[in-house]
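Working notes, structure below.
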Amino acid sequence: MATIQTAPNSVCCSNYLFSLSQTPHRLRKRMLATWTPDQELNQVRQRSGADMKRKLKWYDLVALGVGGMLGVGVFVTTGPVALHRSGPSVFISYIVAGISALLSSLCYTEFAVQIPVAGGAFSYLRVTFGEFVGYFAGANILMEYVLSNAAIARSFTEYLSCAFGVNHSNSWRVKVDGLVEGYDMLDFPAVALILLLTLCLCHSTKESSILNLVMTIFHVVFFGFVIIAGFINGSTDNMVRPGGLTPFGVRGLLDGAAIVYFSYIGYDSVSTMAEEIQNPSKSLPIGIVGSVLIVSSLYCLMALSLCMMVPYNEISKAASFSFGFRKIGWKWASNVVGAGASLGIVASLLVAMLGQARYLCVIGRARLVPSWFAKVHPSTGTPLNATLFLGICTATIALFTDLDIVLDMISIGTLSVFYLVANALIYRKYVIISHNSPFHTILFLFLLSFCALGVSISWKLKLQWWNLPLFGGSMVIITALFHYLVPCQSQEAEWSVPLMPWPPAISVFLNLFLMTTLKILSFKRFAIWACFISVFYVLYGVHSTYRAEEFEMGTVNEVNPRPNLSTSQQTKVSSQVL
């Protein structure tokens with residue numbers, strides 16, 4: 001048996017230059033390298049030192065999912081989307097986004113039950129498509145978490161000021177002349193909130209979940225008050241004037257769906273809690289799917305109540321619900337809404353910051369970022385280093401960056417990851433589990449994405465009408481043929497996605513369709529981010545994982561890359577790693 005040696009954390013300049021010279025070889029070796037679920041659950045998880053403590057139950061997960069989503073969507077996106085994108089039909093935008101989120105959540109749930117680790121989409125894609133795809137998804141999820149948490153924290157300041165009767169959204173921010181517009185309003189209350197929650201999360205996951213459970217129960221009651229008050233004091237006339245139910249047309253409705261999709265990302269945080277759940281196979285489906293269904297219903301009702309209280313063209317962009325109650329003469333309710341929304345935003349931040357730290361922890365276990373981030377504190381059972389680092393990053397962005405700058409960027413990152421997870425589930429079910437030839441599945445996934453892009457681009461560019469039924473019908477035919485021609489072996493598992501491959505296939509289409517409704521600027525920013533993380537992988541990630549998986553297993557000498565073991569030993573070790 002090979003002796004496991006710990007690679008040094010840093011290498012001298014000459015060794016690093018040697019590593020760079022080996023980049024093509026290492027990319028071939030590592031980019032498509034996969035782990036088995038058993039290795040993810042045991043061998044990789046042990047790199048964190050102490051285990052995370054299994055204390056969470058199904059009701060904790062439902063509360064985490066509901067708490068993680070409720071404060072995000074309604075209070076951050078509803079007003080701007082109703083005002084500029086969807087009009088009164090913003091509730092339909094939530095329905096469209098909710099259907100897409102539900103389908104994606106089904107894919108997440110099956111992966112989470114089979115691979116109950118804290119890595120979420122990163123781990124699911126790494127065991128299916130290899131290291132680079134998993135890293136790409138993990139980096140995008142981290143980007144989305146940090147940006148969305150910063151945006152949510154800034155919304156907290158707006159609603160908290162409303163709770164104290166201050167109506168101007170920037171009244172509690174400090175303007176600094178000389179900074180670029182959009183980055184010149186410093187938000188110190190948002191920074192204080194993030195740092196306070198960071199310290200709370202460093203202490204204990206269970207206590208944090210109890211705090212979230214209490215806040216979520218109060219929050220749901222508060223939602224009920226807003227919905228009932230809005231329906232009683234609102235008017236259905238506001239739903240059709242001015243300009244009707246869809247003043248911006250169906251395109252505006254779907255554009256709005258792509259933005260409000262950001263509101264559903266909280267269920268992803270539930271899957272990252274998998275290492276801390278007492279009974280993952282039963283609790284995860286209830287927690288993930290149940291929270292998405294509950295939140296979708298509340299989102300639609302809240303959006304309806306807002307648009308019934310105020311005509312869409314008079315909705316305030318900031319603190320929309322507080323403004324809505326002031327508009328109907330309920331000034332006292334405006335203050336109550338400000339306080340309730342602030343509490344909901346705190347719950348959302350708490351859950352999202354739980355999730356982001358666990359993503360970075362697992363990426364650190366894989367050695368794609370420094371292993372310092374993977375350490376779990378032995379007494380608290382929390383990823384302390386990852387929590388502190390991301391808390392500081394989030395607070396820094398929240399201090400400077402305006403909400404509008406990050407919303408589109410958040411949505412495109414989220415949609416791209418959920419698209420990859422849907423593809424991964426199909427590939428895993430039909431190739432890895434069913435032992436079919438990968439050719440037919442890869443061809444199906446390519447044709448499915450091609451037709452989905454055909455529909456999406458035809459809609460976006462307003463091409464001739466016959467393009468839509470042509471590409472749409474082709475998607476249905478291709479999926480039906482794949483369903484009947486390629487067998488899917490039923491796996492002995494306590495939970496799996498029903499009606500395969502239809503749910504993930506529809507999820508692939510919806511994620512691509514919603515992505516194409518975003519602005520070109522979003523794709524430019526996303527391309528810059530994708531280039532940055534790819535360069536980081538080439539300059540650091542691939543060499544770090546190569547050292548971890550090859551040098552530490554004793555198959556390669558660090559200075560002289562010649563095998564130290566016999567051919568049979570190398571084959572055995574390589575099969576264990578890859």
Side-chain angles (χ1 to χ4, degrees), residues 7 19-45 47 107 111 114-115 117 119-142 359 362-369 416-449 504 508 530-553 555-556 561 563 570-578:
S19 297
L20 287 181
S21 70
Q22 297 294 309
T23 298
H25 165 72
R26 295 182 178 185
L27 285 173
R28 288 193 301 269
K29 189 79 171 177
R30 297 302 315 158
M31 281 187 71
L32 299 179
T34 60
W35 289 82
T36 66
D38 182 66
Q39 288 170 323
E40 278 290 331
L41 288 168
N42 298 296
Q43 185 175 343
V44 177
R45 190 172 64 177
R47 292 177 177 175
C107 301
F111 272 117
Q114 295 178 13
I115 313 170
V117 293
F122 166 74
S123 295
Y124 310 152
L125 291 168
R126 198 162 76 113
V127 301
T128 307
F129 289 144
E131 181 175 278
F132 179 75
V133 176
Y135 161 78
F136 184 83
N140 275 291
I141 283 288
L142 276 178
Y359 263 110
V362 175
I363 295 173
R365 289 175 185 172
R367 301 297 189 260
L368 288 161
V369 295
S416 64
V417 172
F418 291 171
Y419 163 78
L420 289 172
V421 171
N423 279 275
L425 180 64
I426 295 175
Y427 186 87
R428 178 172 174 78
K429 294 274 283 190
Y430 284 88
V431 177
I432 298 176
I433 295 176
S434 300
H435 304 291
N436 294 315
S437 169
F439 173 77
H440 299 95
T441 303
I442 293 174
L443 178 63
F444 165 67
L445 293 176
F446 171 78
L447 293 176
L448 178 65
S449 296
V508 166
C531 290
F532 172 77
I533 59 178
S534 297
V535 169
F536 181 84
Y537 178 76
V538 171
L539 295 180
Y540 177 85
V542 69
H543 305 294
S544 180
T545 59
Y546 186 84
R547 288 168 56 82
E549 313 306 340
E550 305 295 330
F551 291 133
E552 290 184 5
M553 294 301 292
T555 58
V556 181
Q570 291 180 53
T571 303
K572 180 179 180 181
V573 172
S574 179
S575 65
Q576 292 173 345
V577 176
L578 303 178

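Predicted model, so just to flag it, every value in this text is computed and none were measured.
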For the backbone of Phe446 and the side chain of Ser449, can you confirm whether one donor and one acceptor N or O come within less than 3.5 Å of each other?
no

Locate the shortest heavy-atom distance separating Ala137 from Leu125; write the atom from each residue and the value.
CB-CD1, 3.2 Å

Taking it one step at a time, do Thr23 and Leu539 satisfy side chain to side chain contact (heavy atoms under 4.5 Å, CB included)?
CA-CA 8 Å; Thr23 298; Leu539 295 180; over 6 Å; no

Take Val417 and Phe136 through the side chain to side chain contact (heavy atoms under 4.5 Å, CB included) test and state the conclusion after the steps.
CA-CA 9 Å; Val417 172; Phe136 184 83; over 6 Å; no

Between Thr128 and Tyr124, is there a side-chain heavy-atom distance shorter than 4.5 Å?
no

Closest contact, heavy atoms only, Ser534 versus Phe132:
OG-CZ, 3.8 Å

Specify whether Phe129 and Tyr427 have parallel, tilted or perpendicular ring planes, treating 30° as the upper limit for parallel and 60° as the lower limit for perpendicular.
tilted

Minimal non-hydrogen separation, Ala121 against Val421, with atom names
CB-CG2, 3.9 Å

Using the rule given for side-chain hydrogen bond (donor to acceptor under 3.5 Å, both in side chains), can you reason through Glu131 versus Tyr537, listing the C-alpha separation, both sets of side-chain angles and the distance that settles it, and then say yes or no?
CA-CA 10 Å; Glu131 181 175 278; Tyr537 178 76; 2.8 Å; yes

Quick check: do Leu142 and Ile363 have side-chain heavy atoms less than 4.5 Å from each other?
yes

Considering only heavy atoms from C-beta outward, does the side chain of Tyr546 approach that of His25 to under 4.5 Å?
yes

Which distance, rounded to the nearest 0.5 Å, do you find between the CG of Leu27 and the CG of Leu32?
10.0 Å

Euclidean distance, Leu368 CG relative to Ser544 OG, rounded to 0.5 Å
7.0 Å

Heavy-atom closest pair (Arg367 atom, Tyr540 atom, distance to 0.1 Å) is O-CE2, 4.1 Å

Could you tell me if the ring centre of Tyr135 sits under 6.0 Å from that of Phe122?
no

Indicate the atoms forming the closest heavy-atom contact of Ile433 with Gln114, along with that distance.
CD1-OE1, 4.3 Å

If you define the side chain from C-beta out and look only at heavy atoms, does anything of Ser123 sit under 4.5 Å from Val362?
yes

Does Tyr430 offer a backbone N or O that forms a donor-acceptor pair with the side chain of Asn436 under 3.5 Å?
yes

For the pair His543 and Leu20, evaluate side chain to side chain contact (heavy atoms under 4.5 Å, CB included) and give the outcome as yes or no after the intermediate values.
CA-CA 8 Å; His543 305 294; Leu20 287 181; 3.8 Å; yes

Where is the tightest heavy-atom contact between Thr545 and Ala366, given as atom of each residue plus distance?
CG2-O, 3.0 Å

Rounded to the nearest 0.5 Å, what separates atom CG in Leu425 from atom CG in Leu420?
13.0 Å

